[in-house]
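Before any comments, here is the structure.
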Amino acid sequence: MPRALGLAGLAAAVLAMFFDVLVAPGSRVLGAHNTDLALHFLHWRSFGFGELAQGNIALWNPHIYGGVPFFGGMQSALLYPPNWLFLVLPLPLAANWSIALNVWLLGAFMYLWALRRGLRPLAAFVAAALLMFCAPHFLRIYAGHVANMASMAWIPLLFLAIDEWLDSRRPAWLLAGMLAVAMQIFAGHPQTVYLTALIAGVYSLLRVRSAAAAAGLASIYAGGALLAAVQLLAGFQATSETVRDRALPFEFAAYFSFPAENFVTALAPAFFGDVLAHPYWGRWYLWEASLFIGVAGLVLALYGMAAGRLAAKRALLATAAVAALLALGDNTPLFALLYDWLPWFDRFRGAGKFIFMTALILVLFAGSGMDRILRERSVPRSLAWATGGGAVVVAAAALLVRAMDWSPVAQAVRATGQTYLDHALYGEPAFLADSRNFTAAGLDVAALTLALTAVLLFWTRWRPGAALFIAALAVAEIFAYARLNRPTFDASRIVIPELREFLARNPGDYRILNLVRPNSAISMKAFDAWGYDPGLTRRYAEFIMWSMGEDPEKTIEYARFQRFHPLLAMVRVKYVVTMEGAVMTIHPGATPPLGRLELIGSHQVRAGRAAVLQAMGSPGFDPAKQVILEREPQPAPIAGETPGRARILREGSDYMEIEAELERPSMLLVTDAWTPSWRAVALDAGDDRRYDVMPANYTLRAVALDRGRHRLRLEYAPPAFRFGMLISAAAWAAWLAAAAWLAAAAWLAWRGRGARGA
């Protein structure tokens, strides 16, 4: 019964936090209008689950970047159960309910982990509430990092499974761990899966004592990978086709390391500003650089570390320290070592995300501290005095800040080059004064909270029942912090209405280059030459970088469009969309775009990226008349005035069916992005002709066609998806059978104990 009450209490806290956006129909969505939910995920959810509602698992997204892998892009998260809300609810409500559900899952699993670690229900509830609403997790709502949050939700369950397996050797906990890993993978944020595996590995190594125990722990990740094989293998194949397949440049990988000075946010979360009331002026982004679990929560955590009686306490402390060290990223020499030697470590940026793992363990210790107070029905005098002394020190720091010249502090931050705030603000006296006062006010709040916590600690010495007020203070404080940092935006504005109207007035099979909100093409069912996602195909990205005068070898998912290269017409760019202030401007491209299908009678062969791009950059190259291939086609095209005609009969997200009638052999050029997973097959029964989909002009698709009539289907068919489906189906059947067998065995054992007792 206490377990159910605790879970219900956490649900009530989540409902109280999000009530206004969960019950009222409308277009308000959690998050900020200029972060990832608005710029990326709402468009992806609308497209992916719109296709799924029609019975299609979209493997390819044709709307951005000339086309990109969709299901294999991982963040599509089509198989993550909480996301199935997008099948039945309007887009804004589905987004809000999915966020709320993941917040509750995180708290629920934390609560269960804390209970199994021996904490009383109230102490476990405090730990769970602190985790749900702490800065390393909750600020992700502002950032729109819904995939991160979905993956985070399953981390406490994984640690619970590890602990229970090591303590009891019950196979059921291995199944629970496999489920946690699979759900993390399905949730769509590979980096969180990877970071979790590293920290869980550190914790397991510190605790494991036998080969059998280690084998069980290894089976958790092996089994989870098998359950999620359909997503995992498709993801690996998509990665091999995109810019994610290569190591990030070291400087780029080092982005978003946790700044050492930001450990002060554990006490004063707004020391460098916040996400709503005053612009954050610290390094990187605040959601990557805050450790706030509440001031009262921090006091409880420190007490839990000192006096708590958690099992595996040393392993937990060491794991939290390792996570904090890794979070510092390139602020320590360890980052470069791991970048060079640890597999896949160089594929991600944002080492600051490790700080969530530190917060996870800190809130467990906060629960342990609360549990110790509840059990002892008192607190040491030293804890109360130390907390009161801390209040005095922090209050004195607030006075010192108000008396300081804040300019050197701000200039030191700006000098790092790791800020996203307008650098001119760092020199404005009014902004510096406001920043200093905001910092001082944050320290005042921390001092008052410490003072109130000290009073409650002293009161608990005289009246043990006052411990309930300490728990209430810890939960209320972190709840208030989260509520003050919980914005919403109007989902109807994720698409620029004027652009939608313009495209409706100017129909056609062309691309735009929207430099404001490129992913909005997905929701408008339009086509954009760029996008907002790291999963763009490698060749297409390299071509765009080259066309902008950049080195294609250093390609990442960002590009600065500083000119309209004539070859943008090759990828069908007809209009460029810019925004100055609130005014949208649409500029026609300098060169008329090619069509979706072109029949080309002339070709040349060049081997290697440099040679192909050099040929494309020559003054005489005209993509409407010649195609550059990387091997000889069969049959070879023959130049002529009227090669024939080609048209699209039918198309979907992952395919197009084409009919062509040719007077002479020609190359069928499709002005969409090529990857090795595209193939072409004959549509007519009995037609045994084989078609080869080749890369053309480095980034596009081409099929060599002989003279005569052709009906063919061009489709994106990654073999890893089909293979992964078979593995996942078998793995889930085995997992369910094992779960049923263990449940039946447990029930029979329970019946047997009951019979013996009778």
Side-chain angles (χ1 to χ4, degrees), residues 134-136 138-139 142 258-299 301-302 355 384-458 473-474 476-487:
C134 72
F138 200 83
L139 289 183
Y142 178 92
F258 193 92
E261 67 271 16
N262 278 49
F263 279 111
V264 73
T265 59
L267 190 64
F271 191 94
F272 298 100
D274 65 11
V275 295
L276 293 179
H278 183 75
Y280 174 69
W281 52 273
R283 287 199 275 169
W284 302 123
Y285 291 123
L286 184 58
W287 51 85
E288 303 280 2
S290 181
L291 185 55
F292 188 65
I293 63 168
V295 174
L298 181 62
V299 171
L302 293 173
I355 209 66
W385 279 112
T387 305
V392 172
V393 171
V394 175
L399 292 174
L400 178 62
V401 166
R402 285 191 170 89
M404 287 178 60
D405 177 6
W406 210 234
S407 179
V409 178
Q411 294 304 324
V413 172
R414 184 178 71 170
T416 65
Q418 298 174 353
T419 65
Y420 288 97
L421 191 65
D422 182 359
H423 282 198
L425 289 174
Y426 290 87
E428 291 187 5
F431 178 78
L432 294 176
D434 289 344
S435 298
R436 180 191 62 207
N437 293 335
F438 199 75
T439 298
L443 291 170
D444 286 338
V445 172
L448 287 172
T449 308
L450 283 169
L452 181 55
T453 305
V455 169
L456 293 176
L457 290 170
F458 277 116
L473 173 63
E477 179 198 5
I478 199 67
F479 184 94
Y481 167 79
R483 190 61 181 82
L484 290 171
N485 289 276
R486 197 224 72 175

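One-based numbering along the sequence shown. FYI, side chains are in, hydrogens and waters are out, and symmetry mates aren't considered; it's all heavy atoms of this structure.
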| query | Excluding sequence neighbours, so at least two apart, what forms salt bridge (charged side-chain N to carboxylate O under 4.0 Å, His left out) with Arg486? | reply |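 Salt bridge (charged side-chain N to carboxylate O under 4.0 Å, His left out) check on Arg486 returns Asp20.
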| request: Report the residues that fulfil ring-ring contact (aromatic ring centres under 6.0 Å, His included) with Tyr481, sequence neighbours left out, ordered by chain and then residue number. | output: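 ring-ring contact (aromatic ring centres under 6.0 Å, His included) check on Tyr481 returns Phe292.
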| field | Residue list, ring-ring contact (aromatic ring centres under 6.0 Å, His included) with Tyr142, at least two apart or on another chain | value |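 Listed in chain order: Trp287.
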| Qualifying ring-ring contact (aromatic ring centres under 6.0 Å, His included) pairs, either residue in residues 431-457, two or more places apart | His278-Phe431, His278-Phe438
| message | Show me the pairs that pass salt bridge (Lys or Arg N to Asp or Glu O under 4.0 Å) and involve residues 258-268, at least two apart or across chains. | response | Glu261-Arg283
Minimum heavy-atom distance [X]-[Y], with the two atoms named:
X	Y	value
Pro279	Leu421	CB-CD1, 3.8 Å
Leu139	Ser290	CD1-CB, 4.4 Å
Val295	Leu267	CG2-O, 3.4 Å
Ala474	Ala296	CA-CB, 3.9 Å
Gly427	Pro429	O-CD, 3.4 Å

| task | Can you tell me which residue pairs pass the side chain to side chain donor-acceptor pair (under 3.5 Å) test with a partner in residues 264-275, sequence neighbours excluded? | result | none
| request: Start with the C-alpha gap between Phe263 and Ile355, add the side-chain angles, then the distance that decides, and say whether side chain to side chain contact (heavy atoms under 4.5 Å, CB included) holds. | output: CA-CA 10 Å; Phe263 279 111; Ile355 209 66; 4.1 Å; yes
| message | Ala482: which residues meet the side chain to side chain contact (heavy atoms under 4.5 Å, CB included) condition with it, sequence neighbours left out? | response |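 Met17, Phe133, Phe138.
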| said: Among residues at least two apart in sequence or on other chains, which ones pass side chain to side chain contact (heavy atoms under 4.5 Å, CB included) with Asp422? | reply: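 Asp422 satisfies side chain to side chain contact (heavy atoms under 4.5 Å, CB included) with Ala424, Leu425 only.
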| said: Going by the rule side-chain hydrogen bond (donor to acceptor under 3.5 Å, both in side chains), which residues pair with Asn262 if we only count those two or more places apart in sequence or in a different chain? | reply: Tyr280
| field | Spacing of CG belonging to Leu276 relative to CG belonging to Leu484, to within rounding of 0.5 Å | value | 8.5 Å
| request: Check whether any side-chain heavy atom of Trp385 sits under 4.5 Å from a side-chain heavy atom of Leu457, and report yes or no. | output: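 No, every pair of side-chain atoms sits at 4.5 Å or beyond.
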| field | Flag side-chain contact, heavy atom, 4.5 Å: Pro487 against Val275 | value | no
Only pairs under 3.5 Å count here: list side-chain donor-acceptor contacts from residues 445-455, not counting sequence neighbours, and write none if there are none.
from   : atom 1 : to     : atom 2 : distance (Å)
Thr449 : OG1    : Val445 : O      : 2.8
Thr453 : OG1    : Thr449 : O      : 2.7

| request: Could you check Val413 against Trp281 for side chain to side chain contact (heavy atoms under 4.5 Å, CB included), going step by step and ending with a plain yes or no? | output: CA-CA 8 Å; Val413 172; Trp281 52 273; 3.8 Å; yes
Just list the side-chain donor-acceptor pairs under 3.5 Å for residues 392-411, sequence neighbours left out, or say none.
from   : atom 1 : to     : atom 2 : distance (Å)
Arg402 : NH1    : Asp444 : OD2    : 3.0
Arg402 : NH2    : Asp444 : OD2    : 2.7
Asp405 : OD1    : Ser407 : N      : 3.1
Gln411 : OE1    : Arg414 : NE     : 3.1
Gln411 : OE1    : Arg414 : NH2    : 2.6
Gln411 : NE2    : Tyr426 : O      : 2.8

